[in-house]
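Since the structure comes first, as structure tokens, the remarks are kept for the end.
The figures here come from the full heavy-atom set of this structure, side chains too, leaving out hydrogens, waters and symmetry mates. Counting starts at 1 for both ligands and their atoms, in listed order.
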Amino acid sequence: MDEQVARAVEVLRRGGLVAVPTETVYGLAADASRPAAVRRIFEAKGRPADHPLIVHMASAEGLVTWARHVPMAAWALAAAFWPGPLTLVLERAAEVDPVVTGGLDTIAVRVPSHPLTLAILERFGGGIAAPSANRFGHVSPTTADHVRADLGGRVELIVDGGPCRVGIESTIVDLTGARPAVLRLGAVTSEALGAVLGEAVGVDEGGRVRAPGQLASHYAPRAAVEVVARERAVAVAVARRSAGERLALVSSSADADVALPADAEGYARRLYAAMREADALDVDTLLIEAAPTGALAAALSDRLARAAAPRR
Ligand code: TXA
Ligand code: MG
């Protein structure tokens, strides 16, 4: 553990790229204070330069470095959910290089909870800019092998922290408007945010922000994706296969080609890995069982809808 941490810090200090585990998905990290290093992230991912990155920090104390002004709501949410799967959007400090924020006046920050990456952040001292460590538009990686498959050869070091515990990207909440608004759903629900802030927190309907996670088609495997109700999944797969379709059933049923847990947390943890495994079966369509009900349902439905959306 210590050796991976030391090597990661050394690569970051040189301005290199390191893939790091977080509790949500793996990130592709660079020193957020070095524009040349941050630019390499965009090259490695094939990501358009106007898409803003999240800056990861060791603790909430870092807020005053990256944000021009830290509202009470930010301190309250940080105290309640950090380290953890929540990203805050705030007004950016004047010193932040626009390459990090895609030219926006706001900045996204979070404190991740994976022990290896927290150790890296503590030793490194500064902030690390890190988008999900996948090629642009592809499914986010939840294991070190996924990162290797997408970005091997484009990154100097992949820190292996095992499979990600949450499995879907962090909740993003924008605190720069008149009222807080969720820009991306994740494991921290809008109800949980509302309970801390003492006011209802709505989900932004889009238009306000340019964000790759907001593109209709995103988090997408190669094959087409269709979502099917759990009760009908097997029957639909059987019928369509006998009609000659090449498809993979991704579901919690015993007849699945790729297994998904039936509980919401297990489903979230496995979803992206299951999409990648099903893609490797070289079929035309992934038939994915709908998300289980529960606190994660809205976030999971959002990711499934993006994976299923028509490709650009
Ligand atoms: O869980 C996560 O958030 C992972 C791990 C690695 O931390 N990161 C992640 O990064 O998902 P990325 O770049 O794949 O997605 C970040 C999202 C994008 O939709 C981006 O547009 C949005 O955050 N974002 C970043 N800065 C923003 C800003 N200033 N205003 C609005 N949205 C912003
Ligand atoms: Mg991403």
Only heavy atoms of I54, strictly under 4.0 Å: list the atoms of ligand 1 that pass. 3 (O), 8 (N), 9 (C), 10 (O), 16 (C)

Is S132 close enough to the Mg ion (ligand 2) to have an N, O or S atom under 2.8 Å? yes

Would S132 count as being in polar contact with ligand 1, using the rule that some N or O on each side must be under 3.5 angstrom apart? yes

With heavy-atom distances below 4.0 Å as the criterion, list the atoms of ligand 1 near H56. 5 (C), 6 (C), 7 (O)

Output the list of atoms in ligand 1 that are nearer than 4.0 Å to some heavy atom of I172, sorted by atom number. 17 (C), 22 (C), 23 (O)

How close do V18 and A8 get, counting heavy atoms only, and between which atoms? CG2-O, 3.8 Å

Quick check on contacts: which atoms of ligand 1 are under 4.0 angstrom from a heavy atom of S170? 1 (O), 2 (C), 3 (O)

Taking 4.0 Å as the limit for heavy-atom contacts, which would you say applies to T101 with ligand 1: side chain only, backbone only, both, or neither? neither

Taking atom types as modelled, find out whether T22 and T117 have a side-chain donor-acceptor pair closer than 3.5 angstrom. no

Can you tell whether the side chains of R276 and D279 come within less than 4.0 Å, N to carboxylate O? no

Should the proximity of E91 to ligand 1, defined as any heavy atom under 4.0 Å, be assigned to the side chain, the backbone, both, or neither? neither

Per-atom filter on ligand 1: closer than 4.0 angstrom to a heavy atom of T24 are 1 (O), 2 (C), 4 (C), 5 (C)

For residues 10-19, the side chain to side chain donor-acceptor pair (under 3.5 Å) pairs (sequence neighbours left out) are E10-R14, R14-E156

Taking 4.0 angstrom as the limit, do D150 and R135 come out as a salt bridge? no

Mind checking whether H51 and F42 have ring centres under 6.0 Å apart? no

Is a donor on one side and an acceptor on the other found under 3.5 Å between the side chain of T171 and the backbone of V188? yes

Using a plain distance cutoff, I'd like to know if R47 has any nitrogen or oxygen under 3.5 Å from a nitrogen or oxygen of ligand 1. yes

Between L53 and ligand 1, which part of the residue brings a heavy atom under 4.0 Å of the ligand: side chain, backbone, both or neither? backbone

With heavy atoms only and a cut-off of under 4.0 Å, state how H51 meets ligand 1: side chain, backbone, both or neither. neither

State the atoms of ligand 1, each with its element, that fall below the 4.0 Å cut-off from a heavy-atom position in A108. 25 (C), 26 (N), 27 (C), 29 (N)

So, using side-chain contact (heavy atoms from CB on, under 4.5 Å) as the criterion, who are the partners of S33 when residues are at least two apart? D31

Which of the atoms in ligand 1, numbered in the order shown and given with their element, are less than 4.0 Å from a heavy-atom of T106? 28 (C), 29 (N), 30 (N)

Does ligand 1 have a heavy atom under 4.0 Å from the side chain of R184, from its backbone, from both, or from neither? side chain

Go through the side-chain N and O atoms of E277 and Y272 and say whether any donor and acceptor fall under 3.5 Å apart. no

Sidechain N-carboxylate O distance under 4.0 Å for E289, R230: yes

May I ask you to list the atoms of ligand 1 that are less than 4.0 angstrom from any heavy atom of I107? 29 (N)

